[in-house]
Undergrad: 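Please read through the structure below; I'll follow up with questions.
Convention: sequence-line order gives letters A, B, ...; per-chain numbering from 1.
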Amino acid sequence: MTDAPLILWFRRDLRLADHPMLTAALATGRPLIPVFLLDPETEAIGAAAKWRLGLSVADFAARLEGMGSRLILRRGAAPESLARLIAETGAAGVMWSRAYDPASIARDTAVKAMLKTAGQVAESHPGFLLAEPWQVETGQGGPYRVYTPFWKALRQRDIAPLLPAPKQLPLPESWPVSDRLEDWQMGAAMRRGAAVCLPHQAVGEAAALTRLDAFLDQRLARYAEARDFPATPATSRLSENLTYGEIAPARIWHAAMHRQDAGDSGAGKFLSELGWRDFAWHLIYHFPALATENWREDWDGFPWRGDSADAERWRRGLTGEPFVDAAMREMYVTGTMHNRARMIAASYLTKHLMTDWRVGLAWFADCLTDWDPASNAMGWQWVAGSGPDAAPYFRIFNPATQAEKFDPNAVYRRRFIAELSRTPPAEALSYFDAVPRAWAILPDAAYPKPLIALDKGRQRALDAYAARKA
DNA sequence: TGCGCGTTTGG
DNA sequence: CAAACGCGC
């Protein structure tokens, strides 16, 4: 008689290498049943992220099948789905990699309690972050609220070593039935043409590792000076792969460290940007309200505007402010947005249009294929001025000045705004294929007039802050 | 990762 | 006297 199998519950860890849970599972010697659940918590993510997750699940399933294993798909709440799988397979229990957002923590806590009550294996493992959020502490023993000291503490830690990808997994005597991924319709909520977005995705572990190597070889040396120019391919684009766990941050860490030791000048800056991702998760783990409430209470009295016709123009990339519109259209066409452009687009919405940062956050959640709830909550509150370690209220980006500085030849603006060129590039034209029909946006329409003069919008936001109710 | 103002600097 | 620098909101 063979050992009872283990269920490997994959979530945001869709890779084989550098995978602590998988390594621990293999060490048990038990047969392994890889599972992916489409549970309500996963169903709740934004349209683009859900579509992109479907691509990742398909890639990972094919990878497992190539090894002679499988990825079993089930839909429904996690506790019930896992209990049913255990009953069907006689499994000894479940292992998974930790998640750190409030909804996942609540779900996983309930699953762990259920399994332990039943005397089952219930093991959670690290791997999504460089350090567990509770492992990085200030001298006084609490969580960090400011990045620089957090970073100093993080970089002194030993980051988890690399782990080999298994060549094969021990197979169960029989497989439980699986849903078909196509039946899940993971792209159903995409209101735009996924076909436009697809060529801009690099899906799966192999693509992620290729992307990392290409970045280190071709871009790292110039990263520090080139990363702020959105027309330049200077960034790693690995946020997309990190979101789904197609690559471990520890692998990126060690690879960049190796380059730093070899004297590569951009490595330090890049490592620090990777550190920001951990910091965001550190913050949201210790302060879950960061995703929904103003971190700094002095912003509670600010007369934020809710959703509006102006906000809708912002979403559509029709504000008449070219840097902002290019940014919003880039997100529509590619599923991502350059970091500099995110700051400009977010600043314009929250300051010049005085719109509540949660309105912008919700749209990014729906449109980004690299959607990360922690980085976005931190980033939006930073721009709005309401966040930890935030920009002071008077630091309001001027999109025209920023464009002169970071897009001096208008290459980025022209790349995504067809109205600005006689012969627009393909990306600019594909925006019109990407947007919903209902928007009725045509390439031959005139480029819109600005929603508000930049100096006027800036002054309005400053006055509103000064006059806010205490 | 602002902006406007006054001061300093270097030709 | 233009451009760089420093300061406070």
Side-chain angles (χ1 to χ4, degrees), chain A residues 144-151 222-232 234-236 239 266 268-280 283 290 294-296 298-299 301-303 314 319 321-324 326-328 330-331 336-355 357 360-361 364 372 374-408 412-413 450-468 470:
Chain A
Y144 284 97
R145 292 169 170 79
V146 178
Y147 182 64
T148 305
F150 172 85
W151 172 236
R222 297 180 47 77
Y223 178 75
E225 68 256 26
R227 62 184 290 271
D228 274 318
F229 293 81
T232 307
T235 61
S236 76
S239 62
K269 184 71 186 169
F270 178 66
L271 282 162
S272 151
E273 294 301 316
L274 188 64
W276 274 102
R277 175 177 175 274
D278 256 57
F279 183 54
L283 285 177
L290 182 68
N294 292 322
W295 169 276
R296 292 168 51 143
D298 56 323
W299 284 88
F302 187 80
W314 175 82
T319 68
E321 208 51 65
F323 205 167
V324 175
M328 301 307 292
E330 178 186 23
M331 181 164 68
T336 188
M337 190 192 291
H338 189 277
N339 179 62
R340 168 69 38 183
R342 292 188 199 209
M343 293 192 284
I344 307 312
S347 177
Y348 184 81
L349 182 74
T350 56
K351 304 292 185 172
H352 289 88
L353 300 184
M354 274 179 55
T355 302
W357 56 269
L361 182 89
F364 274 30
D372 176 305
S375 292
N376 276 278
M378 180 187 69
W380 274 95
Q381 291 226 51
W382 184 89
V383 171
S386 61
D389 217 359
Y393 74 94
F394 49 82
R395 188 181 292 160
I396 297 172
F397 287 93
N398 181 323
T401 311
Q402 289 284 313
E404 275 175 49
K405 224 172 176 173
F406 296 109
D407 186 34
Y412 177 71
R413 282 164 284 171
L451 287 177
I452 186 166
L454 292 176
D455 53 350
K456 205 176 134 193
R458 176 175 196 276
Q459 199 53 51
R460 185 175 68 174
L462 290 172
D463 292 346
Y465 183 83
R468 76 193 183 283

Undergrad: Could you pull out the protein-nucleic contacts involving nucleotides 7-9 of chain C (nitrogen or oxygen on both sides, under 3.5 Å)?
TA:
none

Undergrad: What residues, two or more places apart in sequence or in another chain, satisfy side-chain contact (heavy atoms from CB on, under 4.5 Å) together with Asn398(A)?
TA: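 Here the qualifying residues are Ala400(A), Thr401(A), Leu454(A).
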
Undergrad: Can you tell me how the ring of Trp299(A) sits relative to the ring of Phe302(A), calling it parallel under 30°, perpendicular over 60° and tilted otherwise?
TA: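 Geometry flag for Phe302(A) against Trp299(A): tilted rings.
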
Undergrad: For the pair made of CZ in Arg395(A) and P in dG4(B), what is the distance, rounded to whole Å?
TA: 15 Å

Undergrad: So do the side chains of Arg342(A) and Thr336(A) get within less than 4.5 Å of each other, counting heavy atoms only?
TA: yes

Undergrad: Whole angstroms only, please: what is the CZ-C1' distance between Phe397(A) and dC3(B)?
TA: 13 Å

Undergrad: Check the orientation of His352(A) and Tyr348(A). Use parallel for under 30°, tilted for 30 to 60°, and perpendicular for over 60°.
TA: parallel

Undergrad: Which whole-number value in Å describes the distance from Phe323(A) CZ to dG2(B) P?
TA: 13 Å

Undergrad: To the nearest Å, how far apart are Phe229(A) CZ and dT1(B) C1'?
TA: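 One finds 13 Å between C1' of dT1(B) and CZ of Phe229(A), rounded.
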
Undergrad: Measure from CG on Leu462(A) to C1' on dG2(B) and round the result to the nearest Å.
TA: 10 Å

Undergrad: Determine whether the side chains of Ser236(A) and Arg227(A) contain a donor N or O and an acceptor N or O closer than 3.5 Å.
TA: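 The answer is no; no qualifying pair exists.
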
Undergrad: Side-chain donor-acceptor pair under 3.5 Å between Asp278(A) and Trp151(A), yes or no?
TA: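 Result is no, nothing qualifies.
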
Undergrad: Quickly work out the His338(A) NE2 to dT1(B) C1' distance and round it to whole Å.
TA: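 Distance check: His338(A) NE2 to dT1(B) C1' gives 13 Å.
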
Undergrad: Let me know the distance between NZ of Lys351(A) and P of dG2(B), rounded to the nearest Å.
TA: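 Spelled out: NZ on Lys351(A) to P on dG2(B) is 11 Å.
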
Undergrad: Mind calculating the distance between CZ (Arg340(A)) and C1' (dG2(B)) to the nearest angstrom?
TA: 12 Å

